[in-house]
2 protein chains.
Amino acid sequence: MTVIDGTPVKSPAVGSCVSAGPAHPRPDGQDRYTISEVAALTGLTAYTLRWYEQIGLMPQVQRSHNGQRLFDNRDLDWLAFVGTLRLTGMPVADMVRFAELVRQGEDTLDERQEVLERTRGELLARIGELQDTLTALNFKIDFYAGARRASGRA
Amino acid sequence: MTVIDGTPVKSPAVGSCVSAGPAHPRPDGQDRYTISEVAALTGLTAYTLRWYEQIGLMPQVQRSHNGQRLFDNRDLDWLAFVGTLRLTGMPVADMVRFAELVRQGEDTLDERQEVLERTRGELLARIGELQDTLTALNFKIDFYAGARRASGRA
DNA sequence: CACTTGCTTCGAGTCCGCTCGAACCCTCTA
DNA sequence: TAGAGGGTTCGAGCGGACTCGAAGCAAGTG
């Protein structure tokens, strides 16, 4: 992996918190990351990062003098946000649409907020659905516990 | 839709409970359903039902004298269970494996219970993940509320 | 200087979970 | 008896989200 500055970047534990806090691996000003560093940091592959850029899911990523991508802290923040949207179950196409709204600037703040609130509604519904699923699964597991006891193997 | 017996089957509301309770549309003994009835009852398409059978995700479905599938209440129960597993996020291939265990009979009770408990663990993790995602999303929405206020449009 | 490593682009390939088109067969009703 | 409206099989096609192979360039190392 090409490390750009000093501090070689350490990847966070798998499935770690992708949420709010800043705390970037490098301070603003020295925040240049190669694609493989970003891959390590985000858990995405370099393929996926390039593809995200290609489909318009990333803002314009900077390039070095020889054409290599240089990600910065703002890119990391954006990717963390994309990660959140992905976890909500939002399709990539919708994320691209959201990215377009961001590119269009302040005029789309209302629409963006609406999108996020709709997404939150769907997420809440999904969580509820999974909780119901958990209940059903628990029933089934209890049934198995009973069945095993009945057949004399528990 | 070909209705087989008396009582034309009424499909439940979308996203309704797919869990434990019996309460079949027709009592045992008169429980024969055409594929399109089952589609209406489960929300799956007839295509998907045939495909499920083909890949071994259904037990042997009965056939009428002229080769048409005849589902019964046990099939509906199984499909409800498959629906639960699907909601847990279990891949179809794993569900097929589970169906095989069921076919193998009582000897696989232990293994089946283990599978279900593992699945429950994954489901719990997923629910936690979604709750974290919700927290992150709430942050972002709050941020948008602030941004809109600051730009004088809220 | 050759080599390795890591990046670049491009288009193609993969995996999953369906979804469908085509050709055909029954049965019921007009 | 003709046609409509189910159903059947088979294999192909699709949408989504990546994933990769090939060919090439640039910088660092023995």
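Convention: sequence-line order gives letters A, B, ...; per-chain numbering from 1.
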message: The test is side chain to side chain contact (heavy atoms under 4.5 Å, CB included); show your working for L44(A) and Y52(A) and say whether it passes.
response: CA-CA 10 Å; L44(A) 299 168; Y52(A) 276 5; 3.8 Å; yes
query: Under 4.0 Å between a side-chain N/O of T34(A) and OP1 or OP2 of dC7(C), yes or no?
result: yes
Provide a list of protein-nucleic acid N or O atom pairs under 3.5 angstrom, restricted to nucleotides 26-29 of chain D.
{"from": "dA26(D)", "atom 1": "O3'", "to": "N66(A)", "atom 2": "ND2", "distance (Å)": "3.4"}

task: Nearest whole angstrom, please: distance from the P of dT8(D) to the CD of Q62(B).
output: 14 Å
Counting only pairs under 3.5 Å, give me each side-chain donor-acceptor contact of residues 54-63 of chain B, with atom names and distances, residues two or more places apart or in other chains.
{"from": "R63(B)", "atom 1": "NH1", "to": "G67(B)", "atom 2": "O", "distance (Å)": "2.9"}

message: Keeping E37(A) on the side-chain end and T34(A) on the backbone end, is there a donor-acceptor pair under 3.5 Å?
response: yes
- prompt: With distance as the sole test, does D110(B) use its side chain to make a donor-acceptor pair with the main-chain N or O of T108(B) at under 3.5 Å?
  reply: no
- prompt: Given the rule in the side chain to side chain contact (heavy atoms under 4.5 Å, CB included) test, do R120(A) and E117(A) qualify, once you have shown the distances and angles that lead to the verdict?
  reply: CA-CA 5 Å; R120(A) 170 167 58 188; E117(A) 279 170 1; 3.7 Å; yes
- request: Start with the C-alpha distance between N73(B) and R26(B), add both sets of side-chain angles, then the distance that settles side chain to side chain donor-acceptor pair (under 3.5 Å), and finish with yes or no.
  value: CA-CA 8 Å; N73(B) 285 340; R26(B) 303 210 183 101; over 6 Å; no
message: Counting only heavy atoms from other residues, nucleotides and ligands, does the tally under 6.0 Å from CZ of R103(A) exceed 12?
response: yes
query: Are L116(A) and V96(A) grouped together when hydrophobic residues (ILVMFWY) are joined by side-chain heavy atoms under 4.5 angstrom apart?
result: yes
query: Between L70(B) (CG) and dC26(C) (C1'), how many Å, whole number?
result: 14 Å
statement: Each base of DNA chain D marked ( ) or [ ] if paired in-strand (Watson-Crick or G-U under 3.5 Å), | if paired to another strand and . if unpaired gives ||||||||||||||||||||||||||||||
- request: Kindly say whether the aromatic ring centers of F98(A) and F81(A) come within a distance under 6.0 Å.
  value: yes
message: Assess the residue pair D72(B) and H24(B) against the criterion (side chain to side chain donor-acceptor pair (under 3.5 Å)); give the C-alpha distance rounded to whole Å, side-chain angles, the decisive distance to 0.1 Å, and a yes or no.
response: CA-CA 10 Å; D72(B) 60 23; H24(B) 297 115; over 6 Å; no
query: E111(B): what forms a salt bridge (Lys or Arg N to Asp or Glu O under 4.0 Å) with it, not counting sequence neighbours?
result: R97(B)
- prompt: So, the side chain of D77(A) versus the backbone of D75(A): is there a donor-acceptor pair under 3.5 Å, distance only?
  reply: no
Mind listing the N/O atom pairs, protein and nucleotides 14-20 of chain D, below 3.5 Å?
{"from": "dA17(D)", "atom 1": "OP1", "to": "V92(A)", "atom 2": "N", "distance (Å)": "3.4"}
{"from": "dA17(D)", "atom 1": "OP2", "to": "V92(A)", "atom 2": "N", "distance (Å)": "3.2"}
{"from": "dC18(D)", "atom 1": "OP1", "to": "R86(A)", "atom 2": "NH1", "distance (Å)": "3.3"}
{"from": "dC18(D)", "atom 1": "OP2", "to": "Y52(A)", "atom 2": "OH", "distance (Å)": "3.2"}

field: Gap between atoms CZ and P, on R32(B) and dG7(D) respectively (whole Å)
entry: 17 Å
message: Show, in sequence, the C-alpha distance, side-chain angles and deciding distance for V92(A) and W51(A), and conclude whether the side chain to side chain contact (heavy atoms under 4.5 Å, CB included) test is met.
response: CA-CA 11 Å; V92(A) 168; W51(A) 177 64; 4.2 Å; yes
Quick one: which protein N/O atoms are closer than 3.5 Å to N/O atoms of nucleotides 9-11 of chain C? Pair and distance per line, please.
{"from": "dT9(C)", "atom 1": "OP1", "to": "R63(A)", "atom 2": "NH1", "distance (Å)": "3.4"}
{"from": "dT9(C)", "atom 1": "OP1", "to": "R63(A)", "atom 2": "NH2", "distance (Å)": "3.1"}
{"from": "dT9(C)", "atom 1": "OP2", "to": "R69(A)", "atom 2": "NH1", "distance (Å)": "3.1"}
{"from": "dT9(C)", "atom 1": "OP2", "to": "R69(A)", "atom 2": "NH2", "distance (Å)": "2.7"}

- line: Atom CG of L49(B) and atom P of dG7(D) are separated, to the nearest Å, by 11 Å
